[in-house]
Protein chains: 2
Amino acid sequence: MTKATERPTRLPSMADVAKTAGVSAQTVSRALRDSPNVTPETKKRVLAAVEQLGYRFNNAARVLSSGRSHTIGLVLLQSGGYYSRSAVTAGVEAAAGEAGYAVSIATIASLDTGLMERSLSKLADQGVDGIIIAVPLISVTRKMEDITRDIPTVTLDGSRTASARSLGIDQKEAGRLATQHLLDLGHRQVWHVSGPDEWIEARRRREGWQECLASAGIEAPPPLEGDWSPDSGYLQGQILARIPDVTAVFAASDEMAFGVIRALREHGRKVPDDVSIVSVDDIALAAYCCPPLTTVRQDFYRSSAAAVALLLRGDDAGAAEVVVPASLTVRDSTAPPRSR
Amino acid sequence: MTKATERPTRLPSMADVAKTAGVSAQTVSRALRDSPNVTPETKKRVLAAVEQLGYRFNNAARVLSSGRSHTIGLVLLQSGGYYSRSAVTAGVEAAAGEAGYAVSIATIASLDTGLMERSLSKLADQGVDGIIIAVPLISVTRKMEDITRDIPTVTLDGSRTASARSLGIDQKEAGRLATQHLLDLGHRQVWHVSGPDEWIEARRRREGWQECLASAGIEAPPPLEGDWSPDSGYLQGQILARIPDVTAVFAASDEMAFGVIRALREHGRKVPDDVSIVSVDDIALAAYCCPPLTTVRQDFYRSSAAAVALLLRGDDAGAAEVVVPASLTVRDSTAPPRSR
DNA sequence: TGAGCTTATGTTATCGATGACATACGTAAC
DNA sequence: GTTACGTATGTCATCGATAACATAAGCTCA
């Protein structure tokens with residue numbers, strides 16, 4: 001058992017394969033990359049030699065000479081809903097793998113500009129061919145611009161830089177869908193527990209909520225800000241529970257909704273009898289909340305895969321913005337307001 | 001905006017920096033790696049040149065010449081609890097980053113030997129210096145042995161190969177803790193909703209449960225098998241709800257516990273009044289279940305970080321097995337059995 | 001003062017695959 | 001029967017950093 005820090009013993013190289021197969025190294029290279037002009041017979045001999053020697057190509061050498069690493073970097077936030085993080089990782093990895101790309105991740109501990117710069121540098125140093133940023137960029141520094149100019153980048157939550165393209169789920173629509181559902185049920189006012197203001201997603205959902213209320217001629221109440229966690233939902237729920245005329249709440253994430261519901265119940269307000277609640281995400285547990293959550297589903301897996309496609313396709317459409325729709329799943333946490 | 005698939009334009013190399021700083025490339029290399037014998041003055045000049053040219057070292061070249069990629073591969077399962085996946089990713093990435101290593105992930109869609117082989121190959125091709133396998137190895141093929149012999153490997157859930165070391169949370173202890181807690185409350189029998197049998201973690205938890213019951217002189221009832229999802233918990237809960245003398249259930253994951261509880265409630269069995277339930281994980285939502293879950297906490301983040309340390313430290317202790325303890329968090333889903 | 005050592009820096013070969021170009025052979029066309 | 005071209009393969013330089021070795025100072029101590 002060797003340790004990961006010591007230099008490995010020498011493995012067979014392409015030259016070794018070439019010698020065994022009785023051809024030149026270049027022919028081996030061509031045969032292995034399915035280059036057109038290689039006799040099937042030669043190719044067979046090469047593959048046999050590869051098999052015999054247990055040859056495995058050297059990625060570093062390939063990268064060095066070809067200039068492409070076939071790796072894309074993914075920037076994630078360590079905190080924040082673990083559901084989305086997990087789905088995004090899976091989606092990116094699947095789509096990238098499909099296209100023959102590997103994924104290298106860089107997690108940042110908090111939404112800090114310095115940390116963000118450092119993880120982008122780290123990915124750039126690794127020589128990734130492209131970057132997917134799945135966290136909001138609070139502010140885009142010169143260094144960040146430099147990197148995203150050199151390396152194709154797609155942002156996954158609506159952040160914008162001069163050179164990155166961006167793609168995301170239509171969060172404003174998500175906010176609108178949730179709010180409209182409550183209004184349709186007959187509620188006259190909808191309160192909102194939002195995500196942290198640094199998150200563009202949170203801002204967009206809030207905008208959707210505001211606009212929806214506005215177009216119904218309702219003045220939006222002040223939003224209550226959480227941090228995506230159930231604990232923060234619980235905290236804000238304790239405030240909402242004390243406001244008698246709250247009959248409908250739009251929570252920006254399922255996890256916060258769990259917290260809000262607990263707080264309401266502890267204050268004797270029943271969901272959905274006294275208060276209706278809609279949230280966003282449709283995590284696996286949403287159906288097992290008490291009551292099961294009405295929520296706006298987000299297909300992170302799909303939007304992440306789409307981000308990879310956008311990155312690799314690389315339309316020269318400049319900083320195009322692509323949007324993936326969201327859809328409402330109605331369960332039992334919403335109902336018409338109690339008739340007065 | 002370039003696309004990720006085309007060859008990037010030439011960036012400044014070490015030679016360029018050397019010329020600008022008026023030293024040799026080797027000196028630049030030494031200066032950047034904090035080699036001892038470099039004058040502070042020279043180092044300053046080099047760093048200035050680096051800054052001026054916007055130099056960024058070429059990872060591929062470094063890997064090619066040094067033989068080490070400073071990257072570790074992480075194998076994850078796409079399905080399965082997203083909580084653990086997320087925590088493991090974060091833990092591995094943080095610990096690896098700390099040590100100057102990058103993390104490349106390989107997700108497999110299902111527990112299939114072929115897929116497993118392919119993702120190990122993929123990581124090996126990428127030239128990772130070490131591998132962390134966070135999914136159970138159903139069966140270890142020759143090819144898998146070959147790779148784990150060449151590349152230092154740590155398994156994170158108790159799977160064993162001839163050459164990999166392994167590390168994990170003490171799952172048997174987790175099962176025992178959960179079961180003992182229920183017995184201590186006065187329950188005379190504890191039922192079990194287990195994870196899928198292919199998962200070693202699931203097996204260990206079940207063993208802990210069985211042994212705990214056995215040492216209390218109780219014969220274990222047949223375990224009910226779920227797949228970690230809340231839906232599967234719900235399904236098994238519907239069975240448990242129909243068995244009148246069930247008063248205590250040990251669910252192998254929080255998510256399944258959510259499902260079990262819903263099923264029980266739908267059949268009029270109250271938790272914890274009629275049935276107590278303990279599970280494992282302590283996810284963020286555990287405290288917001290109805291009722292809040294008593295659960296065995298697993299510190300995936302910590303154990304993952306420990307796995308990285310083990311990998312990089314590389315004791316020659318052969319296939320050592322290291323274990324991280326689990327701990328019980330008591331909330332409201334457990335109570336003494338209703339006196340009869 | 002000069003042998004012997006240490007410290008800072010330069011030189012050269014090397015890692016392994018690949019792109020660009022060169023060559024050898026065959027075949028079709030005039 | 002020669003020109004022209006296509007196909008299969010080989011040769012060589014190259015990517016950029018580093019290890020190993022070489023050299024040039026500076027310093028110590030007999």
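So that the names make sense, note that chain A is the first sequence line, chain B the second, and so on, each numbered from 1. From a predicted model like this one, the values you see are computed outputs, not experimental measurements. These numbers come from the heavy atoms of this one structure, side chains and all, not from hydrogens, waters or symmetry mates.
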If I take atom [atom1] from residue [X] and atom [atom2] from residue [Y], how far apart are they, to the nearest 0.5 angstrom?
X: A:L76; Y: A:I108; atom1: CG; atom2: CD1; answer: 9.0 Å
X: B:E145; Y: B:L120; atom1: CD; atom2: CG; answer: 10.5 Å
X: B:S13; Y: B:Y55; atom1: OG; atom2: OH; answer: 7.0 Å
X: B:S119; Y: B:L77; atom1: OG; atom2: CG; answer: 10.0 Å
X: A:R118; Y: A:T113; atom1: CZ; atom2: OG1; answer: 11.5 Å
X: B:L74; Y: A:S104; atom1: CG; atom2: OG; answer: 11.0 Å

What is the distance from [atom1] of [X] to [atom2] of [N], rounded to the nearest Å?
X: A:Q26; N: C:dA17; atom1: CD; atom2: C1'; result: 8 Å
X: B:R62; N: D:dC15; atom1: CZ; atom2: P; result: 19 Å
X: B:L64; N: C:dA13; atom1: CG; atom2: P; result: 17 Å
X: B:K19; N: D:dG16; atom1: NZ; atom2: C1'; result: 14 Å
X: A:D16; N: C:dC15; atom1: CG; atom2: P; result: 11 Å
X: B:N37; N: C:dA8; atom1: CG; atom2: P; result: 5 Å
X: B:L32; N: D:dA17; atom1: CG; atom2: P; result: 9 Å

Q. Would you call B:D125-A:R56 a salt bridge at under 4.0 Å N-O?
A.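 The answer is yes: the pair qualifies as a salt bridge.
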*asked:* Less than 4.0 angstrom from a charged side-chain N to a carboxylate O is my criterion; do B:R149 and B:D146 meet it?
replied: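 B:D146 and B:R149: salt-bridged.
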Review point. Out of C:dG19, D:dA8, C:dA17, which nucleotide sits closest to the side chain of A:M14?
Key: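 Nearest to the side-chain atoms of A:M14, counting from C-beta on, is C:dA17.
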Check your understanding: Of the nucleotides D:dA17, D:dT9, C:dG10, which one has an atom closest to the side chain of A:V38?
Key ->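 Closest nucleotide to the A:V38 side chain: D:dT9.
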Report, one pair per line, the protein and nucleotides 21-26 of chain C atoms (nitrogen or oxygen only) whose separation is under 3.5 Å.
none

Q) Which of residues 45-58 of chain A sit near DNA chain C, with a heavy atom under 4.0 Å from it? A)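 Hits under 4.0 Å, by residue number: A:Y55, A:F57, A:N58.
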How about [X] and [Y]: does a side-chain donor come under 3.5 Å of a side-chain acceptor?
X: A:E117; Y: A:T141; result: yes
X: B:T107; Y: B:Q78; result: no
X: B:T89; Y: B:R85; result: no

N/O donor-acceptor pairs under 3.5 Å from side chains in residues 43-51 of chain A, not counting sequence neighbours:
residue	atom	partner	partner atom	Å
A:K43	NZ	A:D34	OD1	2.5
A:R45	NE	A:A21	O	3.0
A:R45	NH1	A:E41	OE1	3.0
A:R45	NH2	A:A21	O	3.3

_Whether the side chain of A:S65 engages the backbone of A:A61 through a donor-acceptor N/O pair (distance < 3.5 Å, no angle test) should be reported._
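Indeed, once roles are kept as given, a pair shorter than 3.5 Å links the two residues.
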Determine: side-chain N/O of [X] to OP1/OP2 of [N], distance under 4.0 Å, yes or no.
X: A:R33; N: C:dG19; result: yes
X: B:T27; N: C:dG10; result: yes
X: B:T42; N: C:dA8; result: no
X: B:S29; N: D:dT18; result: yes
X: B:S24; N: C:dT11; result: no

**Message:** Minimum heavy-atom separation for A:S86 and B:S86, please, with both atom names.
**Reply:**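 Shortest heavy-atom contact: CB-CB, 4.4 Å.
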Checklist entry - What are the two closest non-hydrogen atoms of A:L115 and A:S110, and how far apart are they? => result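 Result for this residue pair: CD1-OG, 3.6 Å.
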Sorted by number, the residues of residues 119-128 of chain A with heavy-atom contact under 4.0 Å to DNA chain D: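 Contacting residues: none.
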- Item | Along DNA chain C (nearest heavy atom to each residue), the more 5'-positioned of B:A61 and B:A25 |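 Going by which nucleotide is closer to the 5' end, it is B:A25.
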Please assess B:V28 against B:V17 for the test side chain to side chain contact (heavy atoms under 4.5 Å, CB included), listing each intermediate value before the final yes or no. CA-CA 7 Å; B:V28 174; B:V17 175; 3.9 Å; yes
Could you go over nucleotides 25-27 of chain D and give all protein N or O partners under 3.5 Å, atom names and distances?
none

- prompt: Got B:D129 and B:P152 here, is their nearest side-chain heavy-atom distance under 4.5 Å?
  reply: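 Not in contact.
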_Five pairs per end, C1' atoms only: what is the angle between the end axes of the helix from C:dT1-D:dA30 to C:dC30-D:dG1, to 10 degrees?_
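One end axis against the other gives 40°.
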query = If you look at every strand shown and take non-hydrogen atoms under 4.0 Å, does B:V23 touch a base, only sugar-phosphate, or nothing?
reply =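 Since only primed, P, OP1 and OP2 atoms lie under 4.0 Å of B:V23, the category is sugar-phosphate.
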